[in-house]
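These notes are about the structure you will find just below.
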2 protein chains.
Amino acid sequence: MRFMANLKFIDTISREGSIRKAADKLAITSTALNRRILQVEEEIGQPLFERLPSGVRLNTAGEIFVQHIRSQMADLARVQSQIADLSGIRRGHVRVASGADALRHFLPEAVAGYRREHPAVTFEMTRCYGDAAEASLLSLDTDIAMSFAPVRAAHFHVAAGVRQQIYCLMNEAHPLASRDVIRLRDCVGHPAILPNVMSGIRHLLDTALIRRNLELNTILESDSFEFMQNYLLHDEALSFQIPIGLAGSVETVVDSGIAGIVARPVDTADVPPGVIHIGYLKGRVLPVAAAKFLDDIIHQLQQRFPDETGL
Amino acid sequence: MRFMANLKFIDTISREGSIRKAADKLAITSTALNRRILQVEEEIGQPLFERLPSGVRLNTAGEIFVQHIRSQMADLARVQSQIADLSGIRRGHVRVASGADALRHFLPEAVAGYRREHPAVTFEMTRCYGDAAEASLLSLDTDIAMSFAPVRAAHFHVAAGVRQQIYCLMNEAHPLASRDVIRLRDCVGHPAILPNVMSGIRHLLDTALIRRNLELNTILESDSFEFMQNYLLHDEALSFQIPIGLAGSVETVVDSGIAGIVARPVDTADVPPGVIHIGYLKGRVLPVAAAKFLDDIIHQLQQRFPDETGL
DNA sequence: TTCGTGTGATGCAATTTTTGCACATCATGT
DNA sequence: ACATGATGTGCAAAAATTGCATCACACGAA
């Protein structure tokens, strides 16, 4: 996109913090890049960067301008998507930021299903924790965010929410495997494997434990659900997960997940369910491809969790 | 603005309907312009214009793209205004579309007052009738619209509304000049001078006349209030106007308007008051200069018509 | 201090891009 | 059949961009 080049350059420099680094990334020489920036600054009438010995940094005017640039680039993507849609085949690029839970089985399935109908659409899936998803919306690095955490940011437009109860995962030979519902106090004493402190599941668990003055025997922490789940095959420990992170429906988790691992709901009186929020930046008009994908996943969530979907 | 040149070119071509005409207006040769357009079309991946023997016309993709371009240009103006505001002196360009009424005395005063405080701000005042104001908002040719007509378009964000009663203007020697309130039936028989059929005043009058099955003795139609008012000096005729089109406050109209002409309210039971709507394109963020000017005029309207201002 | 290494800015020649002229091509109206 | 207006294109001139070498500066380590 020739007519957007200069704007893209400024955006890159602001991210890299240095003209030379940005020039490397953009595959042009630093002097050419430098002069383009000087030219734009002259056209604007004011400098956009502070020149520091260690590089450059946006000044106030630059902050405003870069925000404008990002919004323009996102808007251009939307327009292109809309124009491409006219020719019948839907093109476009969809950028999703999500917690690790949904990235395991739900989103792969959803993306594959979507691409089966629209093979010209490309995707970019970023794993991130809580606030990061919302931040990436604001910097327009992401179109759609899925976050298993309370929505804090006012700029997050919630398109749908799905209640998710915490499930306890264990080897099918585990003594607790015979129960239909797990109480939190039953878990005490058993070795426990917990997700990263940034995780929404962990947050819910920690809050519940403090409130009931309980403590788990935490033997392992990880941010890889796959690792944790596989570990259960070799040790009589407990792990925790939400339904969207499990393959297939909850009832069939024994078969469809990793063989030999079962999931049992934790009593909601002990740990209240959390909510997965799906949404986008308030005020944005999503590109066609992204908007339709959002529709798709909301529809699939409604089918899979008919009683838990709200909004 | 170098980096917006191509976009501006496309916008101009779409307005002129011909590459050559646009090239003349842009002071470059048609061949250069033509090739730039071809280049952009190639980058977009689809043609934006239909080539007709009589010139070019936007196709569907072009319509979408041009709308995007206009929005970008308006947004850039906002950003520039915002950046300029950082340096203390407020710069910017404010474009207002208004009916003739407010353009007579109210807006000149308001602009002069604003420019006294912010001399670096420039203005562009366009006179237009009813729907045209709202249309110019949509094509982003205008920042602020004032319209004495019912708001029909859904994209018009009404920032304020001022109720305006119809007044009857006449020579101070006119037999009706002694009355405090004019009834519509009193006007029948006297020669009447009416504003253009597009005018909001005319619309209110016509509706009222039809409802009461009355007919005025219309001797003159014009779209120039100044002409109509001056005509009253030389003939015992009646004309109509709303307060905002009269100089000073209603009470002092005898002195501050054209000497020898008086204004008398028409009974609201005969002709209901209309509303002047002031607003901008829904969803737009106005440039600083325009936003502040809007605040200004709303404030001044509230001071001048304290009981008639709503919203 | 002194040196090395990073930063952005600049003069000048080479290169790439853009432009303008002349002309081709096409459709339409007279 | 012709004139007229439109967009598209080959080619040489003009203009803009780029890359190299270099400058000026600030910081950190020896």
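Because the structure is a prediction, the values reported are computed rather than measured. So you know, we letter chains A, B, ... as the sequences are listed, proteins then strands, and number each from 1. Keep in mind that the numbers below use all heavy atoms, side chains included, and drop hydrogens, waters and symmetry copies.
- Side-chain atoms of B:Leu48 and B:Ile37, non-hydrogen and from C-beta on, never get closer than 4.5 Å to each other.
- Residue B:Arg36 places no side-chain N or O under 4.0 Å from the OP1 or OP2 atom of C:dT17.
- Rounded to an integer number of Å, the gap from A:Phe9 CZ to D:dT17 C1' is 11 Å.
- Atom-to-atom, CZ of A:Arg20 to P of D:dA21 comes out at 13 Å; the value is rounded to the nearest Å.
- A 4.5 Å side-chain heavy-atom check between B:Met125 and B:Ser98 finds every atom pair outside the cut-off.
- What separates NZ of B:Lys21 from P of D:dT4 is a distance of 17 Å, to the nearest Å.
- What separates CD1 of A:Ile28 from C1' of D:dC20 is a distance of 15 Å, to the nearest Å.
- Whole-Å rounding puts the A:Leu38 CG to C:dT7 P distance at 16 Å.
- Within the 4.0 angstrom heavy-atom criterion, only backbone atoms of the sugar-phosphate kind lie near B:Ser18; the bases stay farther away.
- Close to D:dG8, at under 4.0 Å from its OP1 or OP2, lies a side-chain N or O of B:Arg51.
- One finds a salt bridge joining A:Asp141 and A:Arg15 here, because a Lys/Arg side-chain nitrogen approaches an Asp/Glu carboxylate oxygen to under 4.0 Å.
- Rounded to an integer number of Å, the gap from A:Asn34 CG to D:dC20 P is 15 Å.
- With rounding to whole Å, B:Arg35 atom CZ is found 9 Å from D:dG10 atom C1'.
- One donor-acceptor pair, N or O on each side, does fall under 3.5 Å between the base of C:dG20 and the side chain of B:Thr31.
- Across the protein-nucleic acid pair, B:Arg2 atom CZ and D:dA16 atom P stand 6 Å apart, rounded to whole Å.
- For CZ of A:Arg202, the number of neighbouring non-hydrogen atoms (other residues, nucleotides, ligands) closer than 6.0 Å is greater than 12.
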